[in-house]
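Here the structure comes first, spelled out in structure tokens, and everything after it is commentary.
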Amino acid sequence: MPVTYEQIRNDERINTYIRQADESMRAMGFTEHSFAHVTKCAQVASGLLNDLGYSRREAELARIAGHLHDIGNVVNRNDHAHSGALMAFRLLDELGMPAEDVAVVVTAIGNHDEHTAYPVNAVAAALILADKSDVRRSRVRNREGIRSDIHDRVNYAVERADLALDQEAKTLTLTMTIDTTICPVMEYFEIFTVRMLLCRKAAQFFGLEFKLRINDAVIL
């Protein structure tokens, strides 16, 4: 039997690693990287592949990769994509996942961090787009610190963020509403330019043009 997303989502070992990884991120002052984030990534990545006509199994592998993609933070934030890929390999292999499926998931996880990422397959491209588009106010832990921390400030300023596929126009658009009294649009680009360029590359994998719209202005 194939390993399913429900098995992964309900595996207490995996969820222990996710919780501890998020605690490490909390200690370092990073935004939320726990179940809300990985669940959203799983849903967006698998939904995108479904909408693009990929197989049910590929969409399921994207869902699994989304759930597992940040477990490497339990080791260290640096190179967390690579350590997370190695952890995922062992976990999925022990669960009996076929090697061809393990290879797809591990490749996606190992290629999701913007410093080393590349959309080498459909699951990797979908995970990149899901992960980098998850910008939202609820990820901020310390709202009192938004004036001093640019990452918290940028995330807190985002009132809404939606990733929309237009298959007829062959576009994938991230539309955001930003409260510019909290964060000017330029601050968003100070920390997210590399991520948005990576999203452009991931969209191109699917033959799509990536667009970024902020407060009704087309930026990319």
Side-chain angles (χ1 to χ4, degrees), residues 1-21 33-35 37-134 163 165 167 170 172 195 198-208 210:
M1 293 290 290
V3 174
T4 67
Y5 169 65
E6 285 303 312
Q7 280 179 267
I8 299 301
R9 190 173 70 86
N10 293 308
D11 189 302
E12 190 51 37
R13 295 176 307 161
I14 291 170
N15 291 333
T16 296
Y17 299 145
I18 292 173
R19 282 191 291 268
Q20 183 55 59
H33 281 69
S34 190
F35 296 105
H37 174 59
V38 301
T39 299
K40 184 174 179 64
C41 288
Q43 292 172 343
V44 171
S46 62
L48 180 59
L49 292 191
N50 275 322
D51 291 343
L52 289 169
Y54 283 82
S55 70
R56 182 177 299 179
R57 186 58 187 159
E58 286 170 299
E60 182 80 342
L61 293 177
R63 194 175 285 116
I64 290 169
H67 192 78
L68 292 173
H69 79 281
D70 270 341
I71 58 173
N73 284 315
V74 77
V75 178
N76 196 289
R77 178 60 179 174
N78 291 330
D79 293 325
H80 75 284
H82 302 149
S83 53
L86 293 173
M87 291 175 66
F89 168 80
R90 179 171 180 178
L91 290 161
L92 296 173
D93 187 57
E94 287 180 352
L95 287 170
M97 178 180 274
E100 57 269 27
D101 289 350
V102 174
V104 171
V105 173
V106 166
T107 298
I109 294 171
N111 277 281
H112 86 272
D113 183 71
E114 60 266 25
H115 301 296
T116 56
Y118 198 87
V120 293
N121 61 32
V123 173
L127 178 58
I128 287 168
L129 289 160
D131 184 38
K132 306 315 172 194
S133 65
D134 187 19
L163 190 65
L165 170 67
Q167 296 202 60
K170 295 188 180 300
L172 189 64
R195 300 180 193 184
L198 180 58
C199 283
R200 175 189 283 176
K201 193 175 294 183
Q204 288 171 346
F205 178 92
F206 298 117
L208 303 170
F210 180 75

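Side-chain atoms are counted along with the backbone in the values below, which use heavy atoms only and exclude waters and symmetry mates. What you are looking at is a predicted structure, and each value in this text was computed from that prediction instead of being measured.
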Could you state the interatomic distance from [atom1] ([X]) to [atom2] ([Y]), rounded to the nearest 0.5 Å?
| X | Y | atom1 | atom2 | answer |
| --- | --- | --- | --- | --- |
| Y118 | L198 | OH | CG | 10.0 Å |
| L129 | F210 | CG | CZ | 7.0 Å |
| N111 | N121 | CG | CG | 8.0 Å |
| M97 | L61 | CE | CG | 5.5 Å |
| I18 | I71 | CD1 | CD1 | 7.0 Å |
| D51 | L172 | CG | CG | 10.0 Å |

I'd like to check [X] versus [Y] (side-chain heavy atoms, cut-off strictly below 4.5 Å). Are they in contact?
| X | Y | answer |
| --- | --- | --- |
| R200 | Q204 | yes |
| R9 | T39 | no |
| L208 | L52 | yes |
| V3 | D101 | no |
| T4 | R63 | no |
| R77 | H80 | yes |
| F35 | N15 | yes |
| F206 | K170 | no |

**OP:** Determine yes or no for a side-chain-to-main-chain donor-acceptor pair under 3.5 angstrom, with E114 supplying the side chain and K132 the backbone.
**Re:** no
Subject >> Main-chain N/O of L127 paired with D131 side-chain donor or acceptor, under 3.5 Å >> reply: no
Shortest non-hydrogen contact from [X] toward [Y]:
| X | Y | result |
| --- | --- | --- |
| H112 | I128 | CA-CG1, 4.2 Å |
| E58 | V123 | O-CG2, 3.8 Å |
| S46 | A59 | CB-O, 3.2 Å |
| S83 | G72 | OG-O, 3.4 Å |
| A202 | A125 | CB-O, 3.6 Å |
| I109 | A88 | CD1-CB, 3.6 Å |

**OP:** Might you work through the side-chain contact (heavy atoms from CB on, under 4.5 Å) test for H37 and K40, ending with a clear yes or no?
**Re:** CA-CA 5 Å; H37 174 59; K40 184 174 179 64; 5.8 Å; no
**OP:** Starting from the C-alpha separation in whole Å, work towards a yes-or-no answer on side-chain contact (heavy atoms from CB on, under 4.5 Å) for V75 and L86.
**Re:** CA-CA 11 Å; V75 178; L86 293 173; over 6 Å; no
Original post:
Hey, are H33 and H69 close enough side-chain-wise for a donor-acceptor pair under 3.5 Å?
Top reply: no
**OP:** Using only heavy-atom distances, determine whether the side chains of H115 and D79 contain a donor-acceptor pair under 3.5 Å.
**Re:** no
Heavy atoms from other residues, nucleotides or ligands near [atom1] of [X] exceed 12 (cutoff 6.0 Å):
| X | atom1 | value |
| --- | --- | --- |
| F205 | CZ | yes |
| R13 | CZ | yes |
| F89 | CZ | no |

Subject >> salt_bridge(R90, E94) N-O dist < 4.0 Å >> reply: yes
